[in-house]
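Since the structure comes first, as structure tokens, the remarks are kept for the end.
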Amino acid sequence: MSHLSWGLLFVIPVVIVLLALLGIHPLVSITLLGQVLLTSQVTIPTLAIALALNVGGALSYLVSPFEGAIVLTIKGK
């Protein structure tokens, strides 16, 4: 695995979080990024891609101001 591949694994969660902050639902961005990465010619193992996508999804659900759990928590107070 080259250094570019390791860097890409750290960039994937950041991209998902940024897209969530821009208003794109994390499930949509995970699906799109996953399809693009799996059909591309990168030398990253699929398990590593899946883990990076899951980490990005979890972080974006915690950070994004538009998620349902956060809205319910704020509204309940």
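Every heavy atom of this structure was used, including side-chain atoms; hydrogens, water molecules and symmetry mates were not. Just so we're clear, the structure is a prediction, and the values are computed from it rather than from any experiment.
One hydrophobic cluster, built from ILVMFWY side chains closer than 4.5 Å, holds both L21 and V55. Taken together through direct or relayed side-chain contacts under 4.5 Å among Ile, Leu, Val, Met, Phe, Trp and Tyr, I24 and L18 form parts of separate hydrophobic clusters. The hydrophobic cluster containing V28 also contains L53, counting ILVMFWY residues as joined when their side-chain heavy atoms lie under 4.5 angstrom apart, directly or transitively. Tracing side-chain contacts under 4.5 Å through hydrophobic residues (I, L, V, M, F, W, Y), one reaches V11 starting from I30; they form part of the same cluster. At a threshold of 4.5 Å between side-chain heavy atoms, the hydrophobic network of Ile, Leu, Val, Met, Phe, Trp and Tyr places V15 and L32 in one connected group.
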>> Is there a side chain to side chain contact (heavy atoms under 4.5 Å, CB included) between Y61 and L27? Walk through the geometry before answering.
In response: CA-CA 10 Å; Y61 281 120; L27 185 61; 4.3 Å; yes
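When side chains are defined from C-beta on, I44 does not count as touching L37, because their heavy atoms never get closer than 4.5 Å.
Here the closest non-hydrogen pair linking A52 and L9 is CB-O, 3.8 Å. Looking at every heavy atom in both residues, I16 comes nearest to G56 through CG2-O, 3.5 Å.
Note: L8 CG to S40 OG = 8.0 Å, rounded to the nearest 0.5 Å.
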